[in-house]
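Down below is the structure, laid out as structure tokens.
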Amino acid sequence: MDDRNLALEFVRITEAAALSSARLMGRGDRNGADHVAVEAMRRALDHIDIRGSVVIGEGERDEAPMLFIGEKVGAGWRSDSDRSPRVDIAVDPLEGTNLCAFGQPDAISVIAIADDGQFLNAPDTYMEKIAVGPECRGVIDLRESWTWNLERIAKAKGRRLEDVTAVILDRDRHRELIAEVRAAGCRIRLISDGDISAAIATCKDETGIDVLFGTGGAPEGVIAAAALRCVGGDLQGRLRFRNDEERARATRMGVKDSDHIYALDELAKGNVMFAATGVTQGSFLDGVKFFGGGARTQSVVMRSKSGTVRTISSTHHFETKPAYSWATGLE
Ligand code: VTB
């Protein structure tokens, strides 16, 4: 894929989804906020000259009306020429639906693109993860204890354990993990949702986050892996099933060894591209800010091939921008 030219196009997609859902920030309606993000993203995708297949999306065809796994998206499918690139698409139109619904930080809209067949077809189950920034690439190991990993991270960063900060989803299932990290003497930032943002935060010094630990969504693991491939971070993941049905679903989707530890490039291989726009104010991206007749957004777009990270601040004027009104319905 000629992802150089596509990069800016993809930012428009996450901008559209972010603008739509940001309008509903704090209204307590997570499904509503998600729904408008999905719709805007789906419409925006349809204007891009690609032949895209959704591999990570809103769920299986029977449970999601749009952006379901296997859905074909992009203008390329409607043209006779075979020129438009075939790409696989992983989306989370609103990562952190609760964060948006309650006006909490770090809700983002994300999309990741890879060549055909390069993303893990992750079933909609859980994934246990460790994610770190570039300085700790190659030092983590999910087979080892959390303490072992913390010690290696502290060493790689030339820090005392007391000065290492782990971000962990605040869930009952993490009680032992949290106790172990506390016993190791490390700092913890507990978050209510949004482990894609948290994984990316490990790659940015200003966030003060050194590592993401714990179990979140498997699809989110693949999207986070795409982002970390672009910025030179590292992530390992192991699928975790809540019941036999989830296990069976994973087998149907081609998972052979359910205990396999996926390395970064098994989750997202080859050339990948990642774009995200902030919905609510966050540690890694600013949220959408409205003004009379328009809004400002902040996005990031990055490619694994070049490693270039572009931060894009945009000012949108809804009246003069049919490109957004058709996708978002905003005026
Ligand atoms: C995470 C997080 C998401 O779901 O994947 C988490 O990144 C999974 O855990 O933002 P739970 O099922 O316990 O929520 C989210 O929080 C979205 O719900």
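One-based numbering, in listed order, for ligands and for the atoms of each. Since we're looking at a predicted model, the values are computed, not measured.
No more than 12 heavy atoms of other residues, nucleotides or ligands shown are found within 6.0 angstrom of CZ on Arg27. Within a 6.0 Å sphere centred on CD of Glu176, heavy atoms belonging to other residues, nucleotides or ligands number 12 at most. Atom CZ of Arg152 has more than 12 heavy atoms from other residues, nucleotides or ligands within 6.0 Å.
Interface of Tyr126 with ligand 1, defined as ligand atoms under 4.0 Å from a residue heavy atom, comprises 8 (C), 9 (O), 11 (P), 12 (O), 13 (O). Annotation for ligand 1: atoms under 4.0 Å from non-hydrogen atoms of Glu220 are 3 (C), 5 (O), 7 (O). Counting atoms of ligand 1 from 1 in the listed order, those under 4.0 Å from a heavy atom of Gly217 are 1 (C), 5 (O), 8 (C). Using a 4.0 Å cut-off to heavy atoms of Glu95, the atoms of ligand 1 that qualify are 3 (C), 7 (O), 10 (O).
The nearest heavy-atom contact from the protein to atom 9 (O) of ligand 1 is Arg173 NH2, 2.9 Å. Summary of contacts: the protein heavy atom closest to atom 13 (O) of ligand 1 is Arg171 NE, 2.6 Å. The nearest heavy-atom contact from the protein to atom 10 (O) of ligand 1 is Gly194 N, 2.8 Å. The protein atom (non-hydrogen) at minimum distance from atom 7 (O) of ligand 1 is Asp195 OD1, 2.5 Å. For atom 15 (C) of ligand 1, the closest heavy atom belonging to the protein is Asp193 OD1, 3.6 Å.
Residue contacts with ligand 1: Arg242 is placed with no nitrogen or oxygen under 3.5 Å of a nitrogen or oxygen of the ligand (distance criterion only).
Residue Leu169 touches ligand 1 through its side chain alone, judged by heavy-atom distances below 4.0 Å.
Side-chain atoms of Ser84 never come within 3.5 Å of backbone atoms of Asp49 as a donor-acceptor pair (strictly under, hydrogens ignored).
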